[in-house]
Q: 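Below is one structure. I have some questions about it.
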Number of protein chains: 2
Amino acid sequence: MAPKAYYSIHPKFHAAVDCIIFGFEEGELSLLLLQRDFEPAKGQWSLMGGFVEEGESLDDAARRVVAELTGLNDLYMRQVHTYGDPGRDPGERVLSTAYYALVDIKRYDRELVKAHNAHWVKLNEIPHLIFDHDRMVQDALRFMRYQATVKPVGINLLPEEFTLTQLQTLYEAILGEPIDKRNFRKRIASMDYIEKTGRIDKTLSRKGAALYRFNREKFDGNFKI
Amino acid sequence: MAPKAYYSIHPKFHAAVDCIIFGFEEGELSLLLLQRDFEPAKGQWSLMGGFVEEGESLDDAARRVVAELTGLNDLYMRQVHTYGDPGRDPGERVLSTAYYALVDIKRYDRELVKAHNAHWVKLNEIPHLIFDHDRMVQDALRFMRYQATVKPVGINLLPEEFTLTQLQTLYEAILGEPIDKRNFRKRIASMDYIEKTGRIDKTLSRKGAALYRFNREKFDGNFKI
DNA sequence: ATGAAAAGTGTTGCATTTACACTTTCTATT
DNA sequence: AATAGAAAGTGTAAATGCAACACTTTTCAT
């Protein structure tokens, strides 16, 4: 067994998670940010975060923190990076692990968000954030963009059923560049895990647009390597 | 200011770094692993790791730990992931951040490695490692492979000057598949940041092979986005 | 009846990637 | 001195993937 001193001669640190919560609305990506009405850094903007508790994994902590703010427990989340510079939190030393989360912006709990004084802010209108949260956002954005080019994580920003126009607008927002409609639809047509539901959405156009859905079974079947 | 209780009501944890140290020899990737002659988990195999100390960033801790074992202070290193499940270390709770490092296997300090009872182990001969170190290795390998397809990080596994055959063998080892010699050389020729030194290596063939070197300035000039 | 607004639909050219085999050079051996 | 062996070095053609491009259909509101 390990001698007791093996651990105890080393310092301990607070551990936190900070969450970069992405939403998609009006053709643009947004982040859910807190206008802090509490200390520390009261009055400034920050990411939603929280301390890791005893017996709680990092993933669980991130999930809890996001659920506290959104009421949603089933979000797509990924760890981005851990920030551990001494002095990154001017109060005490805290190691913080950043996670990004993808939210269908129609689903979050408006009461909870209001209670936390949180707001959806469009990507290009993001204010300066406290500590090293600016850098966390940059890193999370880069990582999410990369993931989106590799697998269809973006789907988690849309409702269960979505039109191809919605999907294209989403990917244009993620990649930050316009996409040719015909080429885009050709590519989607070749992905059998994005399937027509047979239903039609009439709210977004007079003509109506076919609704599609992501079929996780087909995707996992095709992509497990 | 933050009330003192803001921090102090939350638990603290040990923080560690574990390092996946890659080398390249005889056409294969290897890892530098410890056969532990110390507790905990004496007798088992593990990654080189260490606790994060007061006033030391995670990156610094990883750099220190790798230098302790290899004597090398200038290695290419990247953070991979942080592992925080309660119980991942059966002794006490420890949050561990994994880093990978790339070593020119000709350069490390053999005395230090021997003193730590560490050994280079080929990728496909890696034994079961303690705790969650197996998973760390898988994650690091995937991340390093991805990085190698995007930018020439592999160069850090070779000496300053190298032949194109060495470089090709390295990339075959990283990607795990054979590469066509002519296509490979065509691609390298199009990268002006890999430049001929004018020197010739005569140790690896009778004919002799041109030595090349990575020009960081040209690379940064081309790739800064 | 008409106009507006979004949905939907194929083809061609271009660029990139892949497949493929022989010659050159040198030295160690006979 | 001749030769065999071993790795270095070199170009072309086919195929595939990617990018560019414009008009018709449908429906509802006016």
Side-chain angles (χ1 to χ4, degrees), chain A residues 24-28 145-146 148-152 155 158-159 161-192 194-214 222-223, chain B residues 24-28 145-146 148-152 155 158-159 161-213 222-223:
Chain A
F24 176 64
E25 202 177 33
E26 296 172 18
E28 293 189 64
R145 280 185 170 142
Y146 160 65
T149 63
V150 173
K151 42 186 184 175
I155 298 252
L158 294 176
E161 303 199 353
F162 50 85
T163 70
L164 291 186
T165 303
Q166 282 179 298
L167 188 62
Q168 178 176 347
T169 317
L170 169 64
Y171 271 84
E172 288 175 332
I174 292 177
L175 304 176
E177 56 189 14
I179 303 175
D180 179 89
K181 183 159 62 153
R182 279 176 289 187
N183 292 338
F184 181 77
R185 283 164 185 250
K186 239 182 299 169
R187 206 171 334 136
I188 299 298
S190 74
M191 303 173 180
D192 65 344
I194 297 182
E195 60 188 15
K196 245 185 206 172
T197 65
R199 294 154 55 94
I200 304 258
D201 175 282
K202 308 275 290 188
T203 64
L204 295 161
S205 77
R206 304 184 198 216
K207 184 179 175 184
L211 283 164
Y212 287 75
R213 133 185 76 206
F214 177 66
N222 283 350
F223 263 73
Chain B
F24 176 64
E25 203 179 31
E26 295 172 18
E28 292 189 64
R145 280 186 169 140
Y146 159 65
T149 64
V150 173
K151 42 186 181 173
I155 299 254
L158 294 177
E161 304 199 352
F162 49 84
T163 69
L164 292 184
T165 303
Q166 281 179 299
L167 188 62
Q168 178 175 347
T169 317
L170 168 64
Y171 271 84
E172 288 175 333
I174 291 176
L175 305 175
E177 57 188 14
I179 303 174
D180 179 89
K181 184 160 59 156
R182 278 175 289 188
N183 293 337
F184 181 77
R185 282 164 185 250
K186 239 183 298 170
R187 206 172 333 135
I188 300 299
S190 75
M191 304 173 180
D192 65 343
Y193 52 84
I194 298 183
E195 61 188 15
K196 245 186 207 176
T197 64
R199 294 154 55 93
I200 304 256
D201 174 282
K202 308 275 289 188
T203 64
L204 295 161
S205 76
R206 302 182 207 240
K207 184 178 174 183
L211 283 165
Y212 288 75
R213 131 185 78 208
N222 284 349
F223 264 72

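The analysis underlying the following values was restricted to heavy atoms, covering all of them including side chains, and did not include hydrogens, waters or symmetry mates. Reminder, nothing fancy here: chain letters follow the sequence lines and each chain counts from 1.
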Q: Taking only N/O atoms, report every protein-nucleotides 18-21 of chain D pair under 3.5 Å with atom names and distance.
A:
unit_1: D/dA19; atom_1: N6; unit_2: A/K186; atom_2: NZ; d: 3.3
unit_1: D/dA20; atom_1: N7; unit_2: A/N183; atom_2: ND2; d: 3.0
unit_1: D/dA20; atom_1: N6; unit_2: A/N183; atom_2: OD1; d: 2.9
unit_1: D/dA20; atom_1: N6; unit_2: A/K186; atom_2: NZ; d: 3.4
unit_1: D/dC21; atom_1: N3; unit_2: A/R182; atom_2: NH2; d: 3.3
unit_1: D/dC21; atom_1: N4; unit_2: A/D180; atom_2: OD2; d: 3.1

Q: Closest heavy-atom contact between B/A148 and B/Y171?
A: O-CE2, 3.6 Å
Q: Taking only N/O atoms, report every protein-nucleotides 22-25 of chain C pair under 3.5 Å with atom names and distance.
A:
unit_1: C/dT24; atom_1: O2; unit_2: B/K207; atom_2: NZ; d: 3.0

Q: Who are the side chain to side chain donor-acceptor pair (under 3.5 Å) partners of A/R145, not counting sequence neighbours?
A: none
Q: Taking atom C1' of D/dT12 as reference, at what distance in whole Å does atom CZ of B/R185 sit?
A: 18 Å
Q: Mind checking what makes side chain to side chain contact (heavy atoms under 4.5 Å, CB included) contact with A/R182, not counting sequence neighbours?
A: A/D180
Q: Between B/S205 and A/K202, just flag the one whose closest nucleotide in DNA chain D comes earlier from the 5' side.
A: B/S205
Q: Any residue in residues 162-173 of chain B with a heavy atom nearer than 4.0 angstrom to DNA chain D? Just list them by number, or reply none.
A: B/T165
Q: Under 3.5 Å, sequence neighbours excluded: what are the donor-acceptor pairs made by side chains of residues 202-209 of chain B?
A:
unit_1: B/T203; atom_1: OG1; unit_2: B/D201; atom_2: OD1; d: 3.1
unit_1: B/T203; atom_1: OG1; unit_2: B/D201; atom_2: OD2; d: 3.0
unit_1: B/S205; atom_1: OG; unit_2: B/G208; atom_2: N; d: 2.9

Q: Quick one: list whatever passes side chain to side chain donor-acceptor pair (under 3.5 Å) with B/E25, sequence neighbours left out.
A: none
Q: Please enumerate all residues that pass side chain to side chain contact (heavy atoms under 4.5 Å, CB included) together with B/K181, with sequence neighbours excluded.
A: B/Q168, B/R185
Q: Listed by chain and number, what are the salt bridge (charged side-chain N to carboxylate O under 4.0 Å, His left out) partners of A/E26, not counting sequence neighbours?
A: A/K122
Q: CG of B/D201 versus P of D/dA6: gap in Å, rounded?
A: 18 Å
Q: Compare all side-chain heavy atoms of B/L167 with those of B/F184 and state whether any distance is below 4.5 angstrom.
A: yes
Q: Please report, rounded to the nearest Å, how far the C1' atom of C/dA7 is from the CZ atom of A/R199.
A: 18 Å
Q: For B/Y212, check ring-ring contact (aromatic ring centres under 6.0 Å, His included) against everything at least two apart and list the hits.
A: none
Q: Could you grab the distance from atom CD1 of B/I174 to atom OH of B/Y146, nearest 0.5 Å is fine?
A: 14.5 Å
Q: Take atom CD1 of A/I188 and atom C1' of C/dG8, then tell me their distance rounded to the nearest Å.
A: 15 Å
Q: With sequence neighbours excluded, tell me which residues meet side chain to side chain contact (heavy atoms under 4.5 Å, CB included) with A/E195.
A: A/R213, A/N215, A/K218
